[in-house]
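Not measured: the values here are computed from a predicted model. The chains referred to below are lettered A, B, ... by the order of the sequence lines, with proteins before strands, and numbering in each begins at 1.
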There are 2 protein chains.
Amino acid sequence: MRGNLFAVAVDLVVLTVRSGALHVLLVRRTAPPFAGSPALPGGFVRPHEDLLDAATRELAEESGVPVPGHHLEQLASYAAPGRDPRGRVLTVGHLALVPDLPLPAAGPEAGSWHAVAGRATAEPLAFDHDRILADGVERARAKLEYTTLAASFCPPELTVAQLRGVYEAVWGRPLDPRNFQRKVTSTDGFLVPTGRTVSGARGRPAQLFRRGPATALHPPMLRGES
Amino acid sequence: MRGNLFAVAVDLVVLTVRSGALHVLLVRRTAPPFAGSPALPGGFVRPHEDLLDAATRELAEESGVPVPGHHLEQLASYAAPGRDPRGRVLTVGHLALVPDLPLPAAGPEAGSWHAVAGRATAEPLAFDHDRILADGVERARAKLEYTTLAASFCPPELTVAQLRGVYEAVWGRPLDPRNFQRKVTSTDGFLVPTGRTVSGARGRPAQLFRRGPATALHPPMLRGES
DNA sequence: CCAAAAGTGTTCAAAGTACACCCATGA
DNA sequence: TCATGGGTGTACTTTGAACACTTTTGG
């Protein structure tokens with residue numbers, strides 16, 4: 001073995017869609033370094049813990065998100081020398097996609113939702129978290145194309161319009177409601193009808209669906225040029 | 001900071017195409033643990049080194065691959081408790097795609113090429129390297145679809161047939177030579193003609209191309225059902 | 001009745017598939 | 001000249017894009 005050891009942390013890019021826009025869960029740091037700065041939620045990996053377990057634990061602690069209905073995957077690792085002034089710290093970024101749930105107790109260390117769109121002009125995040133956030137958003141955008149993960153942003157029962165809202169928020173571009181409807185309802189195993197409908201503010205009531213067993217999208221959902 | 005520290009390594013999934021089949025570079029371990037087992041090349045990250053720098057260094061040491069003409073990217077991190085009997089070791093898997101170069105000096109620690117196809121029935125790799133290899137191969141297969149990375153498996157000057165051989169080897173499926181030709185030559189920036197031709201064993205001489213500046217493939221190369 | 005959202009049908013263009021066919025070389 | 005692989009042309013099919021149109025609600 002060698003003497004050059006690292007502390008290992010997990011950081012979370014927790015994304016949701018609320019009010020038609022993509023939001024990320026941020027906490028405010030209370031201790032140095034970067035005290036007072038916004039940051040991605042995260043923490044150190046415990047002695048006998050695997051990476052995904054650590055990320056799951058942090059997700060539950062920070063956002064109150066229990067197990068079902070969310071998606072969590074590893075993103076990438078970041079270990080540039082000097083990224084943490086305390087010493088050599090490697091962090092494994094993770095990406096979580098969750099429905100727009102109310103956050104738990106708004107204590108001083110609680111997280112809150114921030115629109116992703118205006119991040120460029122907002123207060124920079126601690127460490128290299130801006131980079132991790134950018135990678136997470138990019139990954140989410142790409143995965144909507146060829147997976148059914150968009151449904152992870154929605155509650156267990158959802159309408160086609162809600163799902164379309166997710167795509168439009170994440171991609172920042174309007175989609176044709178007619179073609180979108182046909183696409184998702186004709187993709188086998190994406191949405192399964194419940195038989196019930198729900199009345200929105202105005203207009204014809206929409207069918208309620210549950211998420212189907214499909215995870216991949218063949219053919220993919222397209223977002224035009226990019 | 002915390003007391004639970006990790007050793008951090010990089011491991012390399014170095015892939016090439018030779019004799020029409022996908023091959024991976026493996027070394028044989030000489031020291032415990034897993035002495036005598038085949039393993040992915042890799043090593044510990046040095047005190048002031050970033051992850052990609054460590055992977056680049058290991059790639060140069062193990063395969064003699066100098067800088068240009070290869071592709072190297074981070075794959076994922078693996079840190080399951082107990083994956084290394086010596087203690088807590090996190091490894092960051094990397095994926096390298098290289099042309100079929102002759103390997104350097106075949107010393108006792110030198111690497112050698114092994115066909116990926118028969119790995120399931122072959123001697124298992126050390127640690128969790130079978131899993132890392134599987135992830136690397138899967139990533140390579142996926143990336144050929146929507147990037148121009150297949151050219152990374154070829155020498156700087158290449159023919160359309162060579163490039164097609166890469167796709168067929170990685171995907172394990174024949175492609176129509178006529179449609180493939182049209183697809184790659186009509187994708188802007190994928191291949192740029194040199195004007196020269198090369199005479200193969202038999203048949204009409206093929207045009208020589210160089211890699212173009214394009215990195216993405218719109219629309220993607222399709223591999224049918226999967 | 002009217003506005004608005006859900007959902008269907010139809011037309012057109014772009015891209016993949018299949019394959020007939022010609023070209024240029026070595027044996 | 002023939003076999004072989006390189007390269008082009010073309011018909012057919014599938015899929016996405018655009019949009020007219022019908023359905024069903026609330027005001």
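Taking the side chain to side chain donor-acceptor pair (under 3.5 Å) definition, one finds that B/E145 meets it with B/R223, sequence neighbours left out. The salt bridge (charged side-chain N to carboxylate O under 4.0 Å, His left out) test applied to A/D50 returns no partner, not counting sequence neighbours. Residues satisfying the salt bridge (charged side-chain N to carboxylate O under 4.0 Å, His left out) criterion with A/R178, sequence neighbours excluded, are A/D176. Looking at residues two or more places apart in sequence or on another chain, you find a ring pair (Phe, Tyr, Trp, His ring centres under 6.0 Å) between B/W171 and B/Y167. For B/D135, the salt bridge (charged side-chain N to carboxylate O under 4.0 Å, His left out) partners are B/R131, not counting sequence neighbours. A/R139 meets the salt bridge (charged side-chain N to carboxylate O under 4.0 Å, His left out) test with A/E73; sequence neighbours excluded.
Distance, A/F180 CZ to D/dT15 P: 18 Å, rounded to whole Å. The distance from atom CZ of B/R164 to atom C1' of D/dG7 is 11 Å, rounded to the nearest whole Å. Spacing between atom CG of B/L158 and atom P of D/dG6 amounts to 13 Å, rounded to whole angstrom units.
For residues 11-23 of chain B, the side-chain hydrogen bond (donor to acceptor under 3.5 Å, both in side chains) pairs, not counting sequence neighbours, are B/D11-B/T91, B/D11-B/H129, B/R18-B/D100. For the ring pair (Phe, Tyr, Trp, His ring centres under 6.0 Å) condition, no pair includes a residue of residues 188-211 of chain B, sequence neighbours left out. Within the structure, side-chain hydrogen bond (donor to acceptor under 3.5 Å, both in side chains) contacts touching residues 184-201 of chain B (residues at least two apart or in different chains) are B/E157-B/R196.
Side-chain contact between B/V27 and B/E62 is present, with heavy atoms from C-beta onward closer than 4.5 Å.
Using a 4.0 Å cutoff on non-hydrogen atoms, no part of residues 140-148 of chain B comes near DNA chain D.
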Using a 4.0 Å heavy-atom cut-off to protein, can you give one letter per nucleotide of nucleotides 17-26 of chain D, 5' to 3': B if the base is in contact, S if only the sugar-phosphate is, - if neither?
BBBBB-BBBS
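Between chain A and DNA chain C, the heavy-atom contact criterion of under 4.0 Å yields a 5' to 3' nucleotide range of C/dA4 to C/dT10.
Residue B/P177 is out of contact with every strand shown, counting any heavy-atom pair closer than 4.0 Å.
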